[in-house]
2 protein chains.
Amino acid sequence: MTARVTLSDVAREAGVSLATASRAINGSANRTVRPELRARVLTAAARLRYTPDATAQAMARGRTTSVGLVVHDVTDPSCAALVAGVVGVADASDLQVTLACAQHEAAREIELVRVLQRQRARAVVVAGPRHDDDVADDLLRQALADYVAAGGAAVVVGTAGLGVDAVVVDDVGGADALAHALHALGYRQPAVLGGPRTHLASQTRRDAFSRAFGALGCPVDPAHVVLGDLTHEGGATAMRELLARRRPVDVVLAVDDVLALGALAAARALGVRVPQDVALTGFDDVLTLRDVVPQLTTVRVPHGDVGRCAALLALDERPRTGARVLTVDTEVLLRASTPDRSGRAVA
Amino acid sequence: MTARVTLSDVAREAGVSLATASRAINGSANRTVRPELRARVLTAAARLRYTPDATAQAMARGRTTSVGLVVHDVTDPSCAALVAGVVGVADASDLQVTLACAQHEAAREIELVRVLQRQRARAVVVAGPRHDDDVADDLLRQALADYVAAGGAAVVVGTAGLGVDAVVVDDVGGADALAHALHALGYRQPAVLGGPRTHLASQTRRDAFSRAFGALGCPVDPAHVVLGDLTHEGGATAMRELLARRRPVDVVLAVDDVLALGALAAARALGVRVPQDVALTGFDDVLTLRDVVPQLTTVRVPHGDVGRCAALLALDERPRTGARVLTVDTEVLLRASTPDRSGRAVA
DNA sequence: TTGTAAGCGTTATCAG
DNA sequence: CTGATAACGCTTACAA
């Protein structure tokens, strides 16, 4: 039944030495095996249904063919896109991806890096959303340093400064461009729906919105900024809160699409029309939202590319010169949720 | 730099034998190591920043700690949910998931099973959508048989009959229940939007819809069945095709939510109101669609549970008694896209 | 309780 | 071009 066939078996069957069998089967560096012998080995291998043992190869070669990927929650569409990106470049290089989900627990994330180090993954991509948490960061930095010291390549997505290569999204550029675009459309009274206080991308986007509008002569009233969870319900709650404050707002900028969707639902439930009564924007450009009515103005973040870049960076064998940082660009997508209001705005 | 610390180093540092170090660190079967020594070993390990080498352990123990998962496309929400389910049970058992994406290519799927066999993954879950393709099935069956013969545990999601354990979704039950529910609501003239001809789940759902309605005295006119791609655009195209046929239809059953969404968009674009002019249903209950207006009646498929069941089945060590089949139930969710029409239906 | 030593399946070094 | 044989890092009988 579980008759494990090894390379020795193949060698014996083919009447050659173990070494020759090995060379014939994987055609290593010096692919010097007489064709006739090679054929005999291959035949024997086929006859015996031989399957190379990757763990043994990894041991002998001193390196595995797997790359680790730490995320928080695959069911999040942005995360899924990133995972797909990483898997794509990995299997273009004949590498396997070991996927680990930290479920939004910083400690788990760090532990997973250690687990992947034990697995001797040749590279690790840590791609969960980053938080403003110095102690967790220190721990993660240490774990990554250990991993790199042990010979692995590590890449963090979302923030530089963790001591290893990083891929960051140009959230500032995107938020800034969005603010300018909205201003050009005639919007003058922005409000911001943000995520949790520590959530880095959320912070960045929030701040960039505010700064940009401020620079355009529309300082964002602190009462126009509402934080909440980065969920549908969080967006709804924040929107209700904002509306309850009864401030003069002509556009609501949510720091991500899911939040925006929740906000939309809440507004609708309260009889506030989007975009007639208030315009709305998201961030990320989640594909599954394309049929939302009205279509959501947003900032596209190419999460698939982020994953691909991270993987490429991680797998780049060239001698490393300090921690590299790759920035992925974003793009403003103006849609129906923010119609041109410049006619009206002549005030 | 890459100063690989091995267990021997730890042993030497602690002044004990390799065996003792091993026992102290992993507390194997007979955890018989004097506390004092154990402490010394642990201290040494910590001082040296020792990390066990999982590949070496796998070799020595003869089994890895990884489970393989073959899917087609993680960016598909249903797939992502399933992946999350598998990852969840895997890391509850301290196992790692190796994720492989076959991108809807049957050949790739088979190859990935072989790759996972080389990795010596202790279990493999094949979870891409199944197709009605005998030759591909035979190849897959063979690959799985080889894998199992080599000592692995395999589970296929979506269809039994591939020679290994399976988890199947009760599509028939769901479709049937949906048909009955719609009939009870007064719908009498159903149309069906299907996926590609070979797509198994799509076939199953389509046939079950038709059969159920037929049994209820509303045979489904073949002209009311339109096939297409299982995509948003596919749904739109199929819907346009259906509408062009100008048949008397009071409800359109799409075989999945994405398709339904495309159908909705197409209908709307043509001025056909849902649900006033025609009702619409989906299948799967994709979470990201919760804000679609009108809310979509659908059949919930708990993809996360499917993943969990598959993983549990795959990791179940108990002696196997033939190929087991687990069925996961579905649930009809009636929502706004199929209002009660029984008042009108008195004809 | 601890140590010795034999694997685990490959690769790779180094002679023939 | 081919064949012994020593690693690779760990676990686990088997001894002591």
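Just so it is clear: chains get the letters A, B, ... in the order the sequence lines come, proteins before strands, and each one is counted from 1. The structure presented is a predicted model; accordingly, all values stated were derived computationally and were not measured.
Across the protein-nucleic acid pair, A/Arg63 atom CZ and C/dA12 atom P stand 11 Å apart, rounded to whole Å. Regarding A/Leu7, its CG atom lies at a distance of 13 Å from the C1' atom of C/dC8, rounded to whole Å. The CZ atom of B/Arg40 sits 13 Å away from the C1' atom of C/dT1 (whole-angstrom rounding). Separating the CD atom of A/Gln57 from the P atom of C/dT11 is a distance of 5 Å, rounded to the nearest angstrom. The CZ atom of B/Arg4 sits 11 Å away from the C1' atom of D/dC8 (whole-angstrom rounding). Taking atom CZ of A/Arg118 as the reference point, atom P of D/dC8 lies 21 Å away to the nearest angstrom. Between the P atom of C/dC14 and the CZ atom of A/Arg23 lies a distance of 13 Å, rounded to the nearest Å. Rounded to a whole Å, the CD atom of A/Gln119 is 14 Å from the C1' atom of D/dG9.
Note on residues 100-111 of chain A: pairs passing salt bridge (charged side-chain N to carboxylate O under 4.0 Å, His left out), not counting sequence neighbours, are A/Arg108-A/Glu111, A/Arg108-B/Asp91, A/Glu109-A/Arg130. Residue pairs meeting the ring pair (Phe, Tyr, Trp, His ring centres under 6.0 Å) criterion with at least one member in residues 65-95 of chain B, sequence neighbours excluded, are B/His72-B/His104.
Checking B/Ala19 against A/Arg61, the closest nucleotide of DNA chain C that is more toward the 5' end is the one next to B/Ala19.
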Side-chain atoms of residues 145-153 of chain B: list all donor-acceptor pairs with protein atoms under 3.5 Å, sequence neighbours left out, distances to 0.1 Å.
from, atom 1, to, atom 2, distance (Å)
B/Asp146, OD1, B/Gln142, NE2, 2.8
B/Asp146, OD2, A/Arg49, NH1, 3.0
B/Asp146, OD2, B/Arg114, NH2, 2.4
B/Tyr147, OH, B/Ala121, O, 2.5
B/Tyr147, OH, B/Ala123, N, 3.1

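At a non-hydrogen distance threshold of 4.0 Å, A/Val16, A/Ser17 from residues 8-18 of chain A come into contact with DNA chain D. Residues of residues 45-54 of chain A that place a heavy atom closer than 4.0 Å to DNA chain C, in numerical order, are A/Tyr50, A/Thr51, A/Pro52, A/Asp53.
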| query | Yes or no on side chain to side chain contact (heavy atoms under 4.5 Å, CB included) for B/Leu99 and A/Val83, after CA distance, side-chain angles and deciding distance? | reply | CA-CA 10 Å; B/Leu99 179 66; A/Val83 171; 3.7 Å; yes
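One axis for each end of the helix from C/dT1-D/dA16 to C/dG16-D/dC1, each built from five base pairs, and the angle between them comes to 40° at 10° resolution.
The pair A/Arg4-A/Asp53 does not count as a salt bridge, with every side-chain nitrogen at least 4.0 angstrom from each carboxylate oxygen.
Listed for the B/Arg141 side chain is a donor-acceptor partner under 3.5 Å among the backbone atoms of B/Gly161.
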